[in-house]
Number of protein chains: 2
Amino acid sequence: MSLIDNINKAFDHRIRLGIMSILMVNDYADFKMLKELLGATDGNLASHTKALEKEEYILVEKQFIGRKPNTRYSATKLGKLQFKKHIDALEKLIGK
Amino acid sequence: MSLIDNINKAFDHRIRLGIMSILMVNDYADFKMLKELLGATDGNLASHTKALEKEEYILVEKQFIGRKPNTRYSATKLGKLQFKKHIDALEKLIGK
DNA sequence: ATTTTAACTTTGAATTTCAAAGTACTTTAA
DNA sequence: TTAAAGTACTTTGAAATTCAAAGTTAAAAT
């Protein structure tokens with residue numbers, strides 16, 4: 001068991017780290033919100049949300065608000081758990 | 001200025017994060033030590049140290065110990081500074 | 001009616017990651 | 001003493017990932 005075993009590969013990237021951080025404190029965030037908060041381009045954000053969705057760390061819900069499409073994201077129970085583990089591992093790694 | 005502006009891309013990867021963490025508390029670490037602590041393969045570790053070297057975040061020194069080649073790494077002043085900034089940014093991001 | 005804006009998705013090129021194989025010795029064992 | 005095994009990396013190139021440009025579809029503004 002190495003030093004970085006509990007560092008989760010899925011959260012290695014700063015945009016995915018950002019997405020999860022946002023979804024830990026907000027029940028939902030939509031595409032636009034994530035995009036603005038993270039300063040990501042559309043395609044880039046889409047691929048990172050897709051990666052987290054694939055791991056089942058976030059849930060994607062598509063709906064219409066009025067007549068406009070809207071995609072909103074939330075963290076799954078698994079995602080929250082794994083993210084917490086990741087943070088703990090990070091703290092252990094850097095906190096000494 | 002977005003949420004993740006101060007998250008340093010160079011430290012996004014867990015192996016590079018591990019290397020820097022080790023070099024923050026140890027003046028030096030050699031290839032073998034990094035490899036064991038991080039559980040990385042040779043080629044993989046080499047490419048991550050190269051990436052950090054390119055940014056001038058670590059210093060690479062090659063010497064012989066007895067008759068064996070030995071490569072040791074240390075964090076540069078810049079590397080330490082940038083890593084601290086990164087950690088601060090991480091804490092801000094995840095600490096609520 | 002036409003242009004602009006919004007909210008994404010698709011695409012594929014560029015970059016990054018990774019481990020297998022290679023290099024250049026040194027050490028051990030026969 | 002010479003062959004086999006180990007050490008300490010480096011090189012290579014295939015695979016995976018990242019990224020933004022361009023595309024799509026429809027709404028809003030002019």
Side-chain angles (χ1 to χ4, degrees), chain A residues 2-5 7-23 26 28-74 86, chain B residues 2-5 7-23 26 28-74 86:
Chain A
S2 93
L3 260 183
I4 53 172
D5 275 351
I7 302 284
N8 192 329
K9 206 177 159 174
F11 304 133
D12 257 356
H13 195 281
R14 66 202 185 295
I15 292 185
R16 293 192 299 269
L17 200 68
I19 292 169
M20 289 308 294
S21 300
I22 291 166
L23 294 180
N26 297 283
Y28 297 97
D30 63 17
F31 193 87
K32 196 186 176 195
M33 178 178 171
L34 290 180
K35 196 182 149 188
E36 283 171 359
L37 286 174
L38 300 171
T41 59
D42 293 357
N44 197 198
L45 180 56
S47 59
H48 288 297
T49 53
K50 195 165 286 174
L52 291 170
E53 193 190 356
K54 196 176 156 201
E55 297 293 325
E56 298 185 29
Y57 291 170
I58 66 173
L59 191 72
V60 182
E61 291 168 273
K62 281 164 187 301
Q63 50 171 349
F64 276 85
I65 292 186
R67 313 172 138 266
K68 288 190 195 171
N70 181 268
T71 302
R72 71 178 194 177
Y73 305 90
S74 56
H86 178 75
Chain B
S2 93
L3 258 184
I4 54 173
D5 275 351
I7 303 284
N8 192 330
K9 206 179 159 173
F11 304 131
D12 258 356
H13 194 280
R14 67 204 185 292
I15 293 185
R16 292 192 300 271
L17 202 66
I19 293 169
M20 290 308 295
S21 299
I22 290 166
L23 294 180
N26 297 282
Y28 297 98
D30 63 17
F31 193 87
K32 197 187 175 195
M33 178 178 173
L34 290 180
K35 197 185 146 185
E36 283 171 2
L37 286 174
L38 300 171
T41 58
D42 293 357
N44 199 198
L45 179 57
S47 58
H48 287 297
T49 53
K50 196 164 285 173
L52 291 170
E53 193 190 356
K54 195 175 156 201
E55 297 295 324
E56 298 183 29
Y57 290 168
I58 66 173
L59 191 71
V60 181
E61 291 168 274
K62 281 163 188 302
Q63 50 170 349
F64 276 85
I65 292 185
R67 308 168 143 270
K68 288 188 194 172
N70 180 268
T71 303
R72 71 179 194 177
Y73 303 91
S74 56
H86 178 74

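By convention in this document, chain letters (A, B, ...) are assigned in the order of the sequence lines, proteins followed by strands, and residues within each chain are numbered from 1.
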**Student:** Starting at atom NZ of A:Lys35, determine the distance to atom P of C:dC8, rounded to an integer number of angstrom.
**Tutor:**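 So the two atoms are 10 Å apart, to the nearest Å.
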
**Student:** Could you tell me the separation between the CD atom of A:Glu55 and the NZ atom of A:Lys50, rounded to the nearest 0.5 Å?
**Tutor:**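 Spacing of CD (A:Glu55) from NZ (A:Lys50) equals 14.5 Å.
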
**Student:** Figure out the CZ/P separation between A:Phe64 and D:dA27, and round it to whole Å.
**Tutor:**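 From A:Phe64 CZ to D:dA27 P: 8 Å.
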
**Student:** Could you give the CG-to-C1' distance, from B:Leu34 to D:dT7, as a whole number of Å?
**Tutor:**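 Computing the B:Leu34:CG to D:dT7:C1' distance gives 16 Å.
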
**Student:** Quickly work out the B:Lys50 NZ to C:dT15 C1' distance and round it to whole Å.
**Tutor:**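 The distance from NZ of B:Lys50 to C1' of C:dT15 comes to 16 Å, rounded to the nearest Å.
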
**Student:** So, does B:Arg16 use its side chain to make a donor-acceptor pair with the main chain of B:Leu52 at under 3.5 Å?
**Tutor:**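 It does not hold such a pair.
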
**Student:** Is A:Glu61 atom CD crowded by more than 12 heavy atoms from other residues, nucleotides or ligands, each under 6.0 Å away?
**Tutor:**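 Yes - once you tally the heavy atoms of other residues, nucleotides and ligands closer than 6.0 Å, there are more than 12.
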
**Student:** Could you tell me the separation between the CZ atom of B:Phe11 and the P atom of C:dT16, rounded to a whole number of Å?
**Tutor:**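 Nearest whole value for this atom pair: 15 Å.
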
**Student:** For nucleotides 15-23 of chain D, tabulate all protein N/O to nucleotide N/O atom pairs closer than 3.5 Å, reporting atom names and distance.
**Tutor:**
unit_1, atom_1, unit_2, atom_2, d
D:dT18, OP1, A:Arg16, NH1, 3.3
D:dT18, OP1, A:Arg16, NH2, 3.3
D:dT18, OP2, A:Arg16, NH1, 2.8
D:dC19, OP2, A:His13, NE2, 3.1
D:dC19, OP2, A:Asn44, OD1, 3.4
D:dC19, OP2, A:Asn44, ND2, 3.2
D:dC19, OP2, A:His48, NE2, 3.1
D:dA20, OP2, A:Thr41, OG1, 3.1
D:dA20, N7, A:Asn44, N, 3.4

**Student:** What is the distance, to the nearest angstrom, from the CZ atom on A:Arg67 to the P atom on C:dC8?
**Tutor:**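 About 17 Å, once rounded to whole Å.
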
**Student:** Taking the minimum atom-to-atom distance to the side chain of A:Asn70, which one of C:dC8, D:dA27, C:dT27 wins?
**Tutor:**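 Selected nucleotide (nearest to the side chain): C:dC8.
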
**Student:** Which part of the nucleic acid, if any, lies within reach of B:Asp30 when heavy atoms closer than 4.0 Å are counted: base, sugar-phosphate only, or nothing?
**Tutor:**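 Result for B:Asp30 = nothing.
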
**Student:** Give the rounded distance in Å between these two atoms: CD1 of B:Ile65 and C1' of D:dT7.
**Tutor:**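 Distance, rounded to whole Å: 13 Å.
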
**Student:** Using whole Å, report how far CG of B:Leu45 lies from P of D:dT10.
**Tutor:**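 So the CG-P distance, B:Leu45 to D:dT10, works out to 10 Å.
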
**Student:** Check every strand shown and say whether A:Lys32 touches a base, only sugar-phosphate, or nothing at a heavy-atom separation below 4.0 Å.
**Tutor:**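 Touches sugar-phosphate only.
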
**Student:** How long is the gap from CG on A:Leu17 to NE2 on A:His48, to the nearest 0.5 Å?
**Tutor:**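 Answer for the CG-NE2 pair, A:Leu17 versus A:His48, is 11.5 Å.
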
**Student:** Would you give the length of the straight line joining atom CG of A:Leu59 to atom OG1 of A:Thr49, rounded to the nearest 0.5 angstrom?
**Tutor:**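 Rounded to the nearest 0.5 Å, the CG-OG1 separation comes to 12.0 Å.
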
**Student:** At their closest point, which heavy atom of B:Tyr73 faces which heavy atom of B:Ile58, and how far apart are they?
**Tutor:**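 So the minimum-distance heavy-atom pair works out to CD2-CD1, 3.8 Å.
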
**Student:** Is any side-chain nitrogen or oxygen of A:Lys62 closer than 4.0 Å to OP1 or OP2 of C:dT9?
**Tutor:**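 True: A:Lys62 side-chain N/O within range (under 4.0 Å) of C:dT9 OP1/OP2.
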
**Student:** Rounded to the nearest 0.5 Å, what's the gap from CG on A:Asn8 to CZ on B:Arg14? Could you check?
**Tutor:**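 Spacing of CG (A:Asn8) from CZ (B:Arg14) equals 8.5 Å.
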
